[in-house]
Amino acid sequence: MEKVRPAPPAWQDRESCMEQVAQMFAMRGKEKPLALVHTYGCQQNVADSEKIKGQLREMGFAFTEEEEQADLILLNTCAVRENAEFRVFGNVGSLKALKEKKPSLLIAVCGCMMEQEHIAEKIRKSYPYVGLVFGTHVIHLLPQLLWQALSSRKRVFLRGYGEEGQDIVEGLPVERDRDVRAWLTIMVGCNNFCSYCIVPHVRGRERSRTPQAVEEEFRELLRLGYKEIVLLGQNVNSYGKTLDPPLGFPELLRRLDRMEGDYRLRFMTSHPKDATHELLDVMAQGRHICHSLHLPFQAGSDRVLREMNRGYTRRQYLDLIAYAKRQMPDMTFTSDVIVGFPGETYEEFQETLAVVREVEFASLFTFLYSPREGTPAARMPDPVPQQEKSRWFQELLRVQEEASQRVGQALVGTVQRVLVEEYSEKRGLLVGKTEGNLPCDFAGDLSHIGAFVPVRITQSYKGALRGEIERNPM
Ligand code: SAH
Ligand code: SF4
Ligand code: F3S
């Protein structure tokens, strides 16, 4: 597909594009046009959508959940597995009728899927009512893109940018979804090229924000009253490698942990090949860093790990976990696992189960392998039938369920510091998370929302906890 470069001068003038977009809607009698943003996929996309919404808000948009009311519907898509893509195509398809009823509606599709040539081509050919398509590297050009899409009769496609060496654009406005927890992107992209994974192909090479930019945003989040800040990156442990001078992730964590305030700090995702003892030591010594670690291992067999290009062995992974447990006996672990990687045998899958049994993860994100066009694994022989893989998958779920049950049960009777996020009408209870990131609900009044509350755990069900406020905390 031909690349459209943001060359014409009017393209580059962000301010005037913003004004013109607002004026165009005002002329249609819409002082406050309404936007609906659907987000698929991981926290990176959630963070991107917050920047998209921030820019829309600056242009005068308000937000709605009702498709019928929206003047702009934007889908921020995920390409990580086939079923994520099916869902997006299903949803784009279902918008056709709405567009016919309301021709002024602008339908836009962005995100990771749009960075794949064949997918963007499919949108171009089969979904002619989609007026704007853009990729993951040009979110900051949203005002210009919207202006083009609204002012010309042509469809606008802008994708495939910024692969090498593109700086991270700072200073975009952010419309945050939550008021207790905030996402803070510290790096974008990925250099690992795990053989099954599309992310490096759609997100480009690893780039880190400067520690100054990260610290500034962190301070601002504390000032705004956020109580939990989650540092984001595809592989946070390789943070800072591209900076001059380089600065390691443990040092960044140390600096953030020194800030004054009553807050919690988490991060994701850690890659086992780059997670070091130094990182775990910083966690153990930290005042604000939660003792919870998301450390995806993907598979238990060394042969499969090699084929996946993961860069560690099962032993190295387990040693890291053992060191973490020694430093922080209260640590909770979570992980990602892929079942049925091409050529994985049942015996090799049993090694995955053995890791699950040994570590005792609080919870697992489990995925059936899904071939992604353009990745090396998609060309590997894959003889095991889908039905067989599904049986293995069920076996994994059963083993994990027992582990979650044991992890939760071990906390019954203890007092946990819970950060309260919201009130659940359905349960009639407050809902929050422990330091270990386990969900916990208990009875209490609404004034606790956004506060840390000591809760004595009375029950556990598959890793979800129930408790009551501890009146005499030690
Ligand atoms: N950067 C993170 C995770 C990114 S994607 C990391 O390296 O851990 C989230 C998870 O999706 C991965 O950990 C992996 O378990 C899963 N995943 C990625 N590609 C997949 C594929 N083709 N099929 C099935 N699961 C996949
Ligand atoms: Fe994908 Fe591997 Fe990068 Fe994670 S580390 S995003 S699994 S390539
Ligand atoms: Fe999906 Fe893109 Fe995240 S492919 S998992 S939304 S980085």
Review point. Is the distance between the ring centroids of Tyr423 and His448 under 6.0 Å?
Key: no
Closer than 3.5 angstrom, by distance alone: can the side chain of [X] be matched with the main-chain N or O of [Y] as a donor-acceptor pair?
| X | Y | result |
| --- | --- | --- |
| Gln298 | Leu305 | no |
| Ser49 | Val46 | no |
| Asn76 | Asn45 | yes |
| Gln55 | Ile139 | yes |
| Ser404 | Ala362 | yes |
| Lys96 | Tyr127 | no |
| Arg181 | Ile229 | no |
| Thr242 | Arg207 | no |
| Thr77 | Met113 | yes |
| Tyr239 | Asn235 | no |

Are a donor atom and an acceptor atom from the side chains of [X] and [Y] found within less than 3.5 Å of each other?
| X | Y | answer |
| --- | --- | --- |
| Glu206 | Ser238 | yes |
| Asn309 | Tyr196 | no |
| Lys273 | Asn192 | yes |
| Ser390 | Gln386 | no |

Do [X] and [Y] form a cation-pi contact, if we require the NZ or CZ to be under 6.0 Å from the six-membered ring centre and within 45 degrees of the ring's axis?
| X | Y | result |
| --- | --- | --- |
| Arg81 | Phe367 | yes |
| Arg28 | Phe25 | yes |
| Lys389 | Tyr369 | no |
| Arg87 | Tyr40 | no |

Rounded distance [0.5 Å steps], [atom1] in [X] versus [atom2] in [Y]:
| X | Y | atom1 | atom2 | result |
| --- | --- | --- | --- | --- |
| Leu56 | Lys51 | CG | NZ | 14.0 Å |
| Asp257 | Met283 | CG | CE | 10.5 Å |
| Leu293 | Ile321 | CG | CD1 | 6.5 Å |
| Gln400 | Thr334 | CD | OG1 | 10.0 Å |

Counting only heavy atoms not in [X], do more than 12 sit closer than 6.0 Å to its [atom1] atom?
| X | atom1 | value |
| --- | --- | --- |
| Tyr461 | OH | no |
| Glu170 | CD | yes |
| Glu65 | CD | no |
| Glu216 | CD | no |

Electrostatic pair [X]:[Y] at N-O distance under 4.0 angstrom:
| X | Y | result |
| --- | --- | --- |
| Asp262 | Lys227 | no |
| Glu117 | Lys122 | no |
| Asp274 | Lys241 | yes |
| Asp48 | Arg203 | yes |
| Arg209 | Glu217 | yes |
| Arg223 | Glu220 | yes |

Side chain to side chain, [X] and [Y], heavy atoms closer than 4.5 Å:
| X | Y | answer |
| --- | --- | --- |
| Leu252 | Ile186 | yes |
| Leu231 | Thr185 | no |
| Met18 | Leu146 | no |
| Ser292 | Glu435 | no |
| Leu142 | Ile52 | yes |

Identify the heavy atoms of [X] and [Y] that sit nearest to each other, and give their distance.
| X | Y | answer |
| --- | --- | --- |
| Lys102 | Glu68 | NZ-O, 3.4 Å |
| Val202 | Cys112 | CG1-O, 3.3 Å |
| Gln234 | Cys190 | CB-CB, 4.1 Å |

Exercise for review: Can you spot which of Phe218, Trp183, Phe249 makes a ring pair (Phe, Tyr, Trp, His ring centres under 6.0 Å) with Phe267?
Suggested key: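 It is Phe249, the one option of Phe218, Trp183, Phe249 that forms the ring pair (Phe, Tyr, Trp, His ring centres under 6.0 Å) with Phe267.
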Check your understanding: Only one of Phe361, Phe333, Phe365 forms a side-chain contact (heavy atoms from CB on, under 4.5 Å) with His294, so which one is it?
Key -> Phe365
Exercise for review: Give the intermediate values and the outcome of ring pair (Phe, Tyr, Trp, His ring centres under 6.0 Å) for residues His201 and Phe193.
Suggested key: CA-CA 8 Å; His201 306 266; Phe193 289 96; 5.3 Å; yes
